[in-house]
Amino acid sequence: METTETKETMETKETKHFIQEHIEQDLGTETNKLATRFPPEPNGHLHIGHAKSIHLNFGLALQYGGTCNLRFDDTDPTKESQEYVDSIMDDVQWMGFDFHNKLFFASDYFEQMYQFALILINKGLAFVCDLTPEQVQEYRGSYTEPGKESPYRNRTIEENLKLFAEMREGKYKEGEKTLRAKIDMTSPNISLRDPVIYRITYVPHYRTGSSWCIYPMYDYAHPLEDAIEGITHSLCSIEFVNNRPLYDWFVENVNYSKFERKPRQIEFAKMQMTNTIMGKRYLKKLVDEGKVSGWDDPRLHTIKGLRRRGYTPEIIKEFCHQTGISKTGGIVEIHTLENCARNILKSQAYSIMAVINPLKVTITNYPTDQTEYVTLENNAETDLGSRQVPFGREIYIEAEDFMEDPPKKFFRLTPGGEVRLKGAYFIKCQEVIKDSQGNITGLNCTYDVQTKSGTGFTGRKVKGTIHWVAVETAVKATVQLFDYITTEDSTEDNRFNENSMEQKTAYIEPEIEQSAALQFQFLRHGYFAKDNVLAKTYNCIVNLKSTY
RNA sequence: AGGGUUGUCGCCAAGCGGUAAGGCACAGGGUUUUGAUCCCUGCAUCCAAAGGUUCGAAUCCUUUCAGCCCUGCCA
C-alpha cells in the first residue's frame with residue numbers, strides 16, 4: 001500500500017508536456033488509440049535533432065500503448081534515394097524502436113492521392129494552372145500585399161479533369177502546368193494563397209520509377225498520408241504552424257469516408273545544439289569535400305557519427321528526455337549531451353588505462369625479475385567488478401602528468417614529488433633523464449612497497465593519482481583524438497576545425513581488447529588538470545577492434 | 001494589409017490566480033585507488049518591459065519591446 005502510494009506521488013512529479021496533455025484531452029480514456037508517425041524524407045542521414053522526433057513519436061506510442069509508424073515522405077524524386085531509406089531504417093532500429101508492420105511510404109499512396117485530387121477538382125476546389133513559376137510568385141503577392149487570382153482559376157471542372165489527366169499522361173513539360181488548390185489569394189497566411197499541390201517532374205523516382213511524372217507537394221500529401229494511416233496526432237516542428245490551416249483544409253475537403261478520425265497537427269520546437277552542425281547542406285559539404293571520413297565520422301552529430309563515437313541509444317534517449325519538449329526554440333549546450341553520456345557510461349563502461357603521450361618511468365628499486373598483478377576497481381556503480389593488471393619495473397605514464405617546473409596547483413609528478421600510480425604504489429621522482437637536446441626522455445623513480453593500494457596504508461598522503469601502463473605488457477592501439485567540428489565562427493560554412501581529429505598510437509592495458517563492452521571511453525579525467533594551461537581535454541575513441 | 005509564433009537563472013525546462021520544481025553549467029566544502037565518481041552547500045525577492053484587475057499575478061486584461069517562422073512547381 002505504502003509503496004504504491006509513494007510510487008504514485010513519484011510519478012505525478014514527472015511533468016507532462018503540452019503534447020501529452022493534448023493527447024489525453026483528445027483521446028480521453030482511449031489513449032491507447034494514439035497513432036503517431038516519424039515521417040522523414042529520405043534525402044539525408046539522421047542527426048541528433050531527428051533523434052528528438054523519433055524519441056517523441058515512438059516514445060509516446062510506447063507510453064500510451066498506441067502505435068507509431070515509420071513513414072518515408074518521399075514525394076520529391078529529385079532528392080531521395082534508397083541509400084537514405086536504408087540508413088534511416090538502420091538508425092531507427094539502432095535507437096531501439098520497432099516499426100515492424102508499421103513501415104510505410106508516401107509513394108505507395110500516389111494513386112490514392114491522385115484520386116483525392118480528382119475529388120478536389122470535382123468539388124471545384126482545385127484547378128490546373130498554366131502560370132510559370134515566376135508568374136506564380138508574382139501573383140502570390142507579398143507579406144504586405146494580397147495576391148492576385150490566376151487567370152486559369154475559373155476553368156471548368158471538365159477542363160480541369162481533362163488537363164490534370166493529361167498532366168499525368170506526360171503531355172506537358174516540367175513547369176508548364178500545376179494543379180493548385182483554390183483557397184484564398186488574399187489570405188494573410190501566404191500558404192493559403194492557392195498553393196500548388198501537384199507539379200510535373202520527369203526525374204525517375206527511386207521507388208516508383210517512371211510510373212509518375214506528377215508528384216504531390218508536401219502540404220497536400222502530408223495530411224492525406226496521416227489520414228490514410230489513421231494517425232491521430234501528427235507532430236511536426238514549429239515552422240509548420242502556418243501550414244496547419246492548410247493541413248486541416250485538405251483533410252476536411254477530401255472528406256474521405258474511410259478516415260476514422262481526423263488527424264491533428266501539433267507543433268513543437270526544433271532543437272539546436274552548441275558545437276554542432278546539423279544542416280544537411282553543411283553536413284553533405286563536409287562529407288563531399290572529404291573533410292570528414294563519412295556520414296559516420298565521430299566528430300559529427302549524425303546518429304551514425306554518435307554511434308561510432310561510442311554513444312549508446314540509451315544515452316541519446318536520456319538526452320531527449322532530459323531536454324524535454326516545448327514550443328520555445330532553444331540551443332542546448334553540448335554539455336547536456338556529454339553529461340548524459342558520462343552518467344550512463346559510468347555505470348556500464350570499464351575504466352581502462354591508456355597512455356597517449358608516453359613518458360617512460362623506471363622504478364629503480366623495483367626487483368628486476370618480479371612480475372606482479374595489481375587490482376583495479378571499476379566504477380562501483382557498474383557490475384564490472386575488478387580486474388588484474390600487470391605492473392612492472394618499467395611503466396609508461398602520460399607525459400603531461402610530469403612537470404619539471406610545475407605551477408602551484410599541479411597535483412601530479414614533479415622532481416622529488418610523490419604520486420600514486422592508480423591501483424598500485426606511490427612513486428617518487430628521483431631523476432629526470434634528458435637527451436642532448438634537453439628533452440625529457442624518461443624518469444627514474446623509486447616506489448614504496450608499503451603504499452600498495454588496497455592495503456589500507458595511511459602513513460602519508462599524496463596529492464595526485466596518475467594512470468600508467470606497464471611497458472612489457474602494454475598493447476599498442478590506434479587511438480583517435482578528436483573534438484567536435486566547430487569554430488567560434490557563426491557561419492556553418494566555416495565551422496570546420498582542421499585539427500579536430502588526430503590519429504595516435506596509445507599504450508593500453510593488455511587483455512582489455514577481449515572485452516566487447518569496451519568500445520568507448522571518456523578519458524577526460526586523467527588527461528587534464530582544470531585551469532592548467534597545459535591541459536588537454538580530449539575525448540577519445542579507443543579503437544581496439546576496428547569495429548564500432 | 002501583413003500574418004503566425006515564442007519570451008521564467010549562463011543553457012534546457014516545470015509552473016495554468018495562492019506567494020519561483022528539476023537537470024546541465026558554475027562556485028565552495030567533504031570522501032577518494034587521477035583533479036573523475038560519490039556526498040553535502042550555494043546559485044531568479046523574481047518570471048521581456050510598463051500599466052491595470054485582485055486580499056493575492058509568472059499565471060487574467062491592456063499596451064510596448066525583442067527573437068524566430070512564412071512570398072519553393074522543397075519538406
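Protein chains get the first letters and strands the later ones, always in sequence-line order, with residue 1 at the start of each. These numbers were taken from a predicted model, which means no experiment stands behind them. Only heavy atoms go into these numbers, but all of them, side chains included; no hydrogens, no water, no symmetry mates.
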- request: Map A:P40 and A:G423 onto RNA chain B by nearest heavy atom, then report which one ends up closer to the 5' terminus.
  value: A:G423

task: Return the orientation label for the A:F72 and A:F105 ring planes: parallel under 30°, perpendicular over 60°, tilted otherwise.
output: parallel

- prompt: How far does the P atom of B:A21 sit from the matching atom of B:A44, given to the nearest Å?
  reply: 10 Å

field: Euclidean distance for C1', B:G52 against B:G17 (whole angstrom)
entry: 15 Å

query: Given atom CE of A:M217 and atom P of B:U71, what is their separation to the nearest angstrom?
result: 11 Å

message: Between P on B:C69 and CD on A:Q272, what's the gap in Å once rounded to a whole number?
response: 9 Å

- prompt: Considering residues, nucleotides and ligands other than A:K280, do more than 12 of their heavy atoms fall under 6.0 Å from its NZ?
  reply: yes

- request: May I ask you to say what A:G175 touches in the nucleic acid, namely base, sugar-phosphate or nothing, with a heavy-atom cut-off under 4.0 Å?
  value: base

task: Would you kindly check whether a donor in the side chain of A:R199 faces an acceptor in the base of B:G72, or vice versa, at under 3.5 angstrom?
output: no

- prompt: Would B:G72 be called syn or anti, given that syn covers angles within 90° of 0?
  reply: syn

- request: Could you check whether A:L192 gets within reach of a base, just the sugar-phosphate, or nothing at all, counting any heavy atom under 4.0 Å?
  value: nothing

task: Starting at atom CD of A:E174, determine the distance to atom C1' of B:G72, rounded to an integer number of angstrom.
output: 14 Å

- request: Take atom P in B:C12 and the same atom in B:A25, then report the distance between them in whole Å.
  value: 15 Å

field: Main-chain N/O of A:G330 paired with A:Q272 side-chain donor or acceptor, under 3.5 Å
entry: no

Measure all distances between protein nitrogen or oxygen atoms and nitrogen or oxygen atoms of nucleotides 38-44 of chain B, and list the pairs falling under 3.5 Å.
unit_1 : atom_1 : unit_2 : atom_2 : d
B:C38  : OP1    : A:K346 : NZ     : 2.5

field: Residue pair A:Q265 / A:E267, side-chain donor-acceptor N/O under 3.5 Å
entry: yes

task: Could you state the atom-to-atom distance from NE2 of A:H222 to C1' of B:C74 in whole Å?
output: 14 Å

query: When we call it a touch if two heavy atoms are under 4.0 Å apart, what does A:G454 touch: a base, just sugar-phosphate, or nothing?
result: base

- request: Return yes if a side-chain donor-acceptor contact under 3.5 Å exists between A:D74 and A:S107, otherwise no.
  value: yes

- request: Rounded to the nearest 0.5 Å, what's the gap from CG on A:L337 to CE on A:M273? Could you check?
  value: 4.5 Å

query: Of the nucleotides B:G35, B:C73, B:C24, which one has an atom closest to the side chain of A:E333?
result: B:C24

query: Using a cut-off of 4.0 Å on non-hydrogen atoms, how would the nucleic acid contact of A:K452 be classed: base, sugar-phosphate, or nothing?
result: nothing

- line: Expected string for nucleotides 1-9 of chain B under the B/S/- scheme (protein heavy atoms, under 4.0 Å, primed atoms plus P, OP1, OP2 as sugar-phosphate) is BBBS-SS--

task: Specify the residue among A:H17 and A:N339 whose closest nucleotide of RNA chain B lies further upstream toward the 5′ end.
output: A:H17

field: A:K327 side chain near A:F268 side chain, heavy-atom distance below 4.5 Å
entry: no

query: Looking across every strand, which nucleic acid part, if any, lies under 4.0 Å from A:G324 by heavy atom: base, sugar-phosphate, or nothing?
result: nothing

- request: With C1' as the reference atom in both, quote the distance from B:A75 to B:G18 in angstrom, rounded to an integer.
  value: 47 Å

task: Determine the interatomic distance between C1' on B:A66 and the same-named atom on B:U8; round to the nearest Å.
output: 16 Å

- prompt: Taking atom C1' in both B:A58 and B:C39, what distance in whole Å separates the two?
  reply: 34 Å

- prompt: B:C70 P sits how many Å from A:F240 CZ, rounded?
  reply: 10 Å

- line: Whole-Å distance, A:E418 CD to B:U34 P, equals 16 Å

task: Taking side-chain hydrogen bond (donor to acceptor under 3.5 Å, both in side chains) as the test, write out the residues that go with A:S53, two or more places apart.
output: A:N57

message: Checking the side chain of A:E174 only, and the main-chain atoms of A:Y202 only, is there a donor and an acceptor separated by less than 3.5 Å?
response: yes

message: By the 4.0 Å heavy-atom rule, please label A:L376 as base, sugar-phosphate, or nothing.
response: nothing

query: CD1 of A:I315 versus C1' of B:C24: gap in Å, rounded?
result: 16 Å

field: Worked check of ring pair (Phe, Tyr, Trp, His ring centres under 6.0 Å) between A:F127 and A:F164
entry: CA-CA 8 Å; A:F127 65 99; A:F164 188 48; over 10 Å; no

message: If I pick the P atom on B:C60 and the same atom on B:C47, what distance separates them, to the nearest angstrom?
response: 15 Å

query: How far, in whole Å, is B:C9 from B:U45 if one measures between their C1' atoms?
result: 14 Å

query: Does A:Q137 have a side-chain nitrogen or oxygen under 4.0 Å from the phosphate oxygens OP1 or OP2 of B:G72?
result: yes

Backbone N/O of A:A424 and side chain of A:S453: donor-acceptor pair under 3.5 Å: yes

- prompt: With no hydrogens and no angle check, do the side chains of A:E134 and A:Y139 hold a donor and an acceptor under 3.5 Å apart?
  reply: no

statement: Between CZ of A:R420 and P of B:U31 the distance, given in whole Å, is 16 Å

- request: Report which part of the nucleic acid A:T132 touches: base, sugar-phosphate, or nothing (heavy-atom distance under 4.0 Å, all strands).
  value: base

